[in-house]
Amino acid sequence: MAVVDKEAEENYSAKNIQVLEGLEAVRKRPAMYIGDISEKGLHHLINETVDNSIDEAMAGYCNNIEVTLGADGSCTVEDDGRGIPVDEHKKLHKSALEVVMTVLHAGGKFDKGSYKVSGGLHGVGVSCVNALSTHMISQVFRDGKIYQQEYEKGKPLYPVKVVGTTDRTGTRQQFWPDPTIFTTTTFKWDIVARRMRELAYLNAGIKITLTDLRPDPETGKTRTEVFHAKDGLKEFVRYIDRHRTHLFDDVIYLKTEKQGVPIEVAIMYNTDYNENLHSYVNNINTIEGGTHVTGFRIALTRTLKAYADHDPQISKQIEKAKIEISGEDFREGLTAVISIKVAEPQFEGQTKTKLGNSEVAGAVQQAVGEALSNYLEEHPEEAKLICNKVILAATARIAARKARESVQRKSVMSGGGLPGKLADCSNKDPKQCEIFLVEGDSAGGSAKQGRDRYTQAILPLRGKILNVEKVQRHRVFEAESVMNIIQSIGVRFGVDGDDNSFEANTDKLRYDKIIIMTDADVDGSHIDTLIMTLFFRYMPKVIEEGHLYIATPPLYKCTYKKISEYCYTDQQRQAFLDKYGGGVEDGKTLHTQRYKGLGEMNPEQLWETTMDPKTRLLKQVTIDNAADADEVFSMLMGDDVEPRREFIEENATYANIDA
């Protein structure tokens, strides 16, 4: 029952209505405009600024973009486009530059005569970047002059003025993120570089130069990398697929326009068993797919099926194998990138990255169907290789379906199907429950004794965890370790009664958090990655919905006399030594114990350090970029040793590998 404050009710009037002027609304509720105020939101500031330059490039006016991470914590984005207009805006009686920089939803993107399509997911523009920066400097190179205006927290410090002359055109934006808004204001090279690389692939011919003027802590050097893809998506699909063995070396490629929709697609086939499909709309990674993906899949299935039916040799093979080809059989071992441009995109889905425009499906279907038909007719040898792989995929799928049905049948026959190894929790509300996937019996025993039995379940993982990257689907569903995980967490496979579907269904998920808990060593990290690969390849919705985590056990227990601390990193251990022993361990009054495995901790220690929700450190597994995650998993779990060694050497200082 609600309690009404009578005095507040009587005094509620116009004076209680708060009007946020200018960019105050952005500063008041920043997450509404940029997603969040953590590291992800911080880097969105760069993306939003670069998107303006990319829009100029897509319109045909910009060839070069320079992104500089300054030693003073700033970021500068400069392009050689037309330059933001600086003449007076007739309605607001201000320079158009000031309007763009200080008014929400103001800019050339809303005038389809200026930009037919534009990037950026939120569409809030550079004015949001301005609002969330302590300081920002805008410079426009236009009409032989250099125009400038500066701002503090979104407010102009002076009217737009001329500060010099020039013979070039373009825009230069420099901003310093506001530390009172963001939890961190330190830009990360890897995150920025990943997006710049992606934009270069998606926009063939554009040169993006990324420079970091912050000296490297170890070498003292700055660094620069240039991203430039002359062949666009052709290079992108080869980059994604570079750690796999190709079925044949060709890239099946198309670039066309259908029903007013520019469409670009690049396809490769490899000898692996997964589908790797990456889709983009106006440079936005549509991780949840949408109508363009639907159109692509329909075209692929229909075109390849028609080719197989009309080729006597292939149709005879299918008849002899006594199999019926399914849509996903045509996509096994497929790596593809789809990039389309839509004037008025309609996004939906949980993360607003699923395209909903119905007209796009037909356009993509027509374009892909025509291009693929032509390729198959002109390349009969490659066509046969694809069809032979499809037949093998169909055979394996039928075996996998039988194995999957066996798992789910055992689940029903055993009255709920929970493995005997599972120590379940007594709470039956999934939102309040969590399960620990624990490496080894010894650690599993400690975890069972130390846990909160009401909300925490324990599943010990015995023996070797299957590397799902290297085996066909039926082997995955036949593996005891995989079966135990699937049965325990409550994932089911199949959608809308489709027996051929292997899409993971999380409707009956039994736990809100699925926590991988392994030793804090190389072997533990390897098991982490094996389990993450299983979820990424077979149960991605678990990751997308935010259910998968990695526990962080301590590396050391440091003791000085009667003072003890758990240290999770070498830096924390060194800080303890510096504090109590001048950086030196004497082994008597000051010493450290290195935990080689979870089993070395007693139940109370394991609870206190790794399992207690009040004190533990969990790392949530997320997929910020599907193409990068796909490439990393393929490299880490595949057969190519050298790239894996290089990756481990470069990332050895980090505690775990996160998707």
Side-chain angles (χ1 to χ4, degrees), residues 38-40 42 182-191 214-220 436-440 443 446-447 450 513 515-532 548-587 589-602 604-622 624 632 636 645-659:
S38 66
E39 190 177 83
K40 188 175 182 180
L42 174 72
F182 295 96
T183 57
T184 176
T185 55
T186 303
F187 294 114
K188 287 194 173 178
W189 169 274
D190 289 343
I191 294 175
R214 301 167 299 180
D216 183 274
E218 295 182 6
T219 65
F436 288 84
L437 309 180
V438 186
E439 172 193 1
S446 292
K513 288 185 176 68
I515 305 167
I516 305 168
M517 188 162 73
T518 60
D519 293 344
D521 58 13
V522 173
D523 289 340
S525 292
H526 183 62
I527 294 171
D528 289 347
T529 310
L530 285 167
I531 299 173
M532 284 193 291
L548 189 62
Y549 295 81
I550 297 176
T552 310
L555 292 174
Y556 306 97
K557 183 180 181 181
C558 297
T559 305
Y560 172 70
K561 295 183 178 179
K562 293 184 179 181
I563 301 170
S564 293
E565 278 185 22
Y566 293 105
C567 297
Y568 293 82
T569 65
D570 287 314
Q571 290 85 350
Q572 289 179 359
R573 172 182 175 272
Q574 190 59 50
F576 187 92
L577 295 178
D578 292 341
K579 183 176 181 180
Y580 294 106
V584 180
E585 182 180 353
D586 60 25
T589 58
L590 177 63
H591 67 275
T592 60
Q593 177 187 355
R594 172 69 164 94
Y595 289 115
K596 295 180 180 179
L598 297 172
E600 294 182 12
M601 296 185 203
N602 62 42
E604 292 77 18
Q605 289 176 320
L606 193 56
W607 163 257
E608 182 183 354
T609 63
T610 317
M611 300 179 70
D612 184 353
K614 295 178 182 177
T615 57
R616 71 190 181 190
L617 175 64
L618 289 185
K619 297 179 180 179
Q620 187 175 36
V621 180
T622 60
D624 290 331
V632 168
L636 287 175
R645 182 185 294 116
E646 291 175 4
F647 182 90
I648 292 170
E649 287 174 355
E650 289 175 8
N651 294 274
T653 56
Y654 297 102
N656 72 294
I657 299 163
D658 194 344

* Does P613 have any side chain to side chain contact (heavy atoms under 4.5 Å, CB included) partners at least two apart in sequence or in another chain, and if so, which? -> Q456, W607, R616
* To do: Please report the closest heavy-atom contact between S38 and F182, naming both atoms and the distance.
  => O-CD2, 4.2 Å
* **Test side chain to side chain contact (heavy atoms under 4.5 Å, CB included) applied to A443 - qualifying residues, sequence neighbours left out** => V438, L598
* Structure fact -> Heavy-atom closest pair (K513 atom, Y549 atom, distance to 0.1 Å) is CG-CE1, 3.5 Å
* **Pairing residues for Y560 by the ring pair (Phe, Tyr, Trp, His ring centres under 6.0 Å) criterion, not counting sequence neighbours** => Y580
* **R594: salt bridge (charged side-chain N to carboxylate O under 4.0 Å, His left out) partners, not counting sequence neighbours** => none
* To the nearest 0.5 Å, how far apart are SG in C558 and CG in L590? -> 7.5 Å
* Output yes when a side-chain donor or acceptor of T184 lies under 3.5 Å from a complementary backbone atom of E39, and no otherwise. => no
* Excluding sequence neighbours, so at least two apart, what forms side chain to side chain donor-acceptor pair (under 3.5 Å) with T559? -> S564
* Which pair of heavy atoms, one from E439 and one from G524, lies closest together, and at what distance? -> OE1-CA, 4.0 Å
* **Residue pairs, two or more places apart or on separate chains, that pass salt bridge (Lys or Arg N to Asp or Glu O under 4.0 Å) and touch residues 558-573** => R573-E585
* **Value rounded to 0.5 Å, distance of OG1 in T185 from CG in L42** => 7.0 Å
* To do: Supply the atom-to-atom distance I515 CD1 to M611 CE, rounded to the nearest 0.5 angstrom.
  => 8.0 Å
* Structure fact -> Across all chains, not counting sequence neighbours, the side chain to side chain contact (heavy atoms under 4.5 Å, CB included) partners of Q605 are K557, Y566, Y595, M601, N602
* Nearest heavy-atom neighbours spanning T552 and Y568 -> O-CE2, 3.0 Å
* To do: For T518, enumerate each residue passing the side chain to side chain donor-acceptor pair (under 3.5 Å) test, keeping only those at least two apart in sequence or located in another chain.
  => D528
* Asked: Excluding sequence neighbours, so at least two apart, what forms salt bridge (charged side-chain N to carboxylate O under 4.0 Å, His left out) with K579?
  -> none
* Apply side chain to side chain donor-acceptor pair (under 3.5 Å) to D612 and list each qualifying residue two or more places apart in sequence or on a separate chain. => none
* Structure fact -> T569 and L555 have their tightest heavy-atom pair at CA-CD1, 3.9 Å
* May I have the step-by-step check of side chain to side chain contact (heavy atoms under 4.5 Å, CB included) for M532 and I550, ending in yes or no? => CA-CA 9 Å; M532 284 193 291; I550 297 176; 3.7 Å; yes
* **Spatial distance of atom CG (D519) from atom CD1 (I527) [nearest 0.5 Å]** => 7.0 Å
* Listed partners of T589 passing side chain to side chain donor-acceptor pair (under 3.5 Å), at least two apart -> D586
* Return the minimal non-hydrogen interatomic distance between A551 and T610, and the atom names on each side. => CB-CG2, 3.7 Å
